[in-house]
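See structure below.
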Protein chains: 2
Amino acid sequence: MRIGELAKATGTKAETIRYYEREGILPAADRTDSNHRDYSPDHLAALTFVRRARELGFSMAQVRELLALSDHEDKPCQDVDQLVRDQLEEVERKIEDLQSLQSELGLMLKSCRSDKIGECRIVESLARPIR
Amino acid sequence: MRIGELAKATGTKAETIRYYEREGILPAADRTDSNHRDYSPDHLAALTFVRRARELGFSMAQVRELLALSDHEDKPCQDVDQLVRDQLEEVERKIEDLQSLQSELGLMLKSCRSDKIGECRIVESLARPIR
DNA sequence: GCTTGACCTTGTAGTTGCTACAAGGTGCAT
DNA sequence: ATGCACCTTGTAGCAACTACAAGGTCAAGC
């Protein structure tokens, strides 16, 4: 599989794939006689893994951790588990914050429609003390 | 309130606060006789808002828009209405995205029954073909 | 009175995670 | 032989910070 195909299959730019290789996020591909990168199904799986993890909000550093963990098949799951748990917590916190912003924006629209002046609490809705 | 205190209260670096001021994201603070920035509770609220909005994935430009909405009192409703509607849509899209992340992450955790990474469904599920 | 630490300024450069060029080259199909 | 996908190195851009440097001011404590 060549870089263009891999790019298409994973929705990643070829330049980004080469970037991942440089950064050590992806293992280097074999080369054809003509020096073109030649990817295996394992590379496809690895890149898919990286892209999904990035989509799920994991940083490059976290992706590295996940990859390192997944290399140690004999180790207990706990470490992977904890990373996911942390990520889930963060996502849930964000959902809550967005919901309060959502309701504030909803109120704004409502008061606009009823032509009332309405107090704007948009800043207040997200201005609760941090942490 | 001086910049150091505001920084501590919001978990923002003092340099970032000055950066926001330069960028017009935060109103300039009053100055003390000795030319030090002197922040009001309103500044604290505004900065807290900005930080949260940024955490929630709003760009600086979008934060600017949201802030503009918060002083809509003096503007006609019609002008504000569409802006609010757009922001609400954006917020709802984000909530949906995060909820799908939430459920994926949740499923991952649930599926992690075995205690060896070799059999870890989390790692497997990350390597599933995209989309 | 002198040191320490927080603040002030301007300016430059590094970070992350890409993305996009340029400028040169090779390989391969039509 | 034309055109496209690929190869390389190198540079530079993006957002939103973050971190310095190098200069200065100011207020508090010993």
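Throughout, protein chains are lettered first and strands after them, A, B, ... in sequence-line order, and every chain is numbered starting at 1.
Nucleotide D:dC17 holds its C1' atom 14 Å from the CG atom of B:L26, rounded to whole Å. Remark: C1' of D:dC17 and CD1 of B:I17 are 13 Å apart, rounded to the nearest angstrom. One interatomic measurement links the two molecules: CG of B:D38 to C1' of D:dC26, which rounds to 15 Å at whole-angstrom precision. With rounding to whole Å, B:E21 atom CD is found 11 Å from C:dT10 atom P. Whole-Å rounding puts the A:R51 CZ to C:dG17 P distance at 12 Å. Note: CD (B:E55) to P (D:dC17) measures 11 Å, nearest angstrom. Taking atom CD on A:Q62 and atom P on C:dT16, their separation rounds to 13 Å, with Å as the unit. If you measure from atom CG of B:L56 to atom C1' of D:dA16, you get 16 Å, rounded to the nearest angstrom.
Among the nucleotides C:dG17, D:dC6, D:dC17, the one closest to any side-chain atom of B:Y19 is D:dC17. Listed nucleotides: D:dT8, D:dC17, C:dC18. Nearest to the side chain of B:R54: D:dC17. Between D:dC7, C:dC7, C:dT9, one nucleotide has an atom nearer to the side chain of B:R37 than all others, and that is C:dT9.
Looking at residues 89-97 of chain B, you'll see that no heavy atom sits under 4.0 Å from any atom of DNA chain C.
At a threshold of 4.0 angstrom between heavy atoms, the contacts of A:S59 are confined to the sugar-phosphate backbone, with no base atom among them.
For D:dC7, one of the phosphate oxygens OP1 or OP2 lies less than 4.0 angstrom from a side-chain nitrogen or oxygen of A:R18. Phosphate contact (OP1/OP2 of C:dT9, side-chain N/O of B:R31, threshold under 4.0 Å): present. The side chain of B:T16 places no N or O atom within less than 4.0 Å of a non-bridging phosphate oxygen (OP1 or OP2) of D:dC17. Between C:dC18 and A:Y20, a contact under 4.0 Å exists linking OP1 or OP2 to a side-chain N or O.
A search for side chain to side chain contact (heavy atoms under 4.5 Å, CB included) contacts involving B:L101 returns A:L56, A:V91, B:L98, not counting sequence neighbours. Residues passing the side chain to side chain contact (heavy atoms under 4.5 Å, CB included) test with A:E89: none are found, sequence neighbours excluded. Every residue was checked against the side-chain hydrogen bond (donor to acceptor under 3.5 Å, both in side chains) condition with B:D30, not counting sequence neighbours, and none meets it. Annotation: salt bridge (charged side-chain N to carboxylate O under 4.0 Å, His left out) contacts of B:E90 (sequence neighbours excluded): B:R93, B:K94. With sequence neighbours left out, the side-chain hydrogen bond (donor to acceptor under 3.5 Å, both in side chains) criterion links A:S34 to A:T32. Every side chain to side chain contact (heavy atoms under 4.5 Å, CB included) that A:R18 has, sequence neighbours left out, goes to A:I3, A:A14, A:E15, A:R22, A:R37.
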Give every pair of a protein N or O atom and an N or O atom of nucleotides 20-30 of chain C that lie under 3.5 Å apart, one pair per line with the distance.
{"residue": "C:dA20", "atom": "N7", "partner": "A:E15", "partner atom": "OE1", "Å": "3.4"}
{"residue": "C:dC21", "atom": "N4", "partner": "A:E15", "partner atom": "OE2", "Å": "3.1"}

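One finds the OG1 atom of A:T10 at 11.5 Å from the CD atom of A:E5 (value rounded to the nearest 0.5 Å).
Residue pairs that meet the ring pair (Phe, Tyr, Trp, His ring centres under 6.0 Å) test with at least one member in residues 18-42 of chain B, sequence neighbours left out, are B:Y39-B:H43.
Residues A:Q102 and B:L88 are in side-chain contact: their nearest non-hydrogen atoms beyond the backbone lie under 4.5 Å apart.
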Check the pair B:T12 / B:L6 against side-chain contact (heavy atoms from CB on, under 4.5 Å), numbers first and verdict last.
-> CA-CA 8 Å; B:T12 313; B:L6 183 61; over 6 Å; no

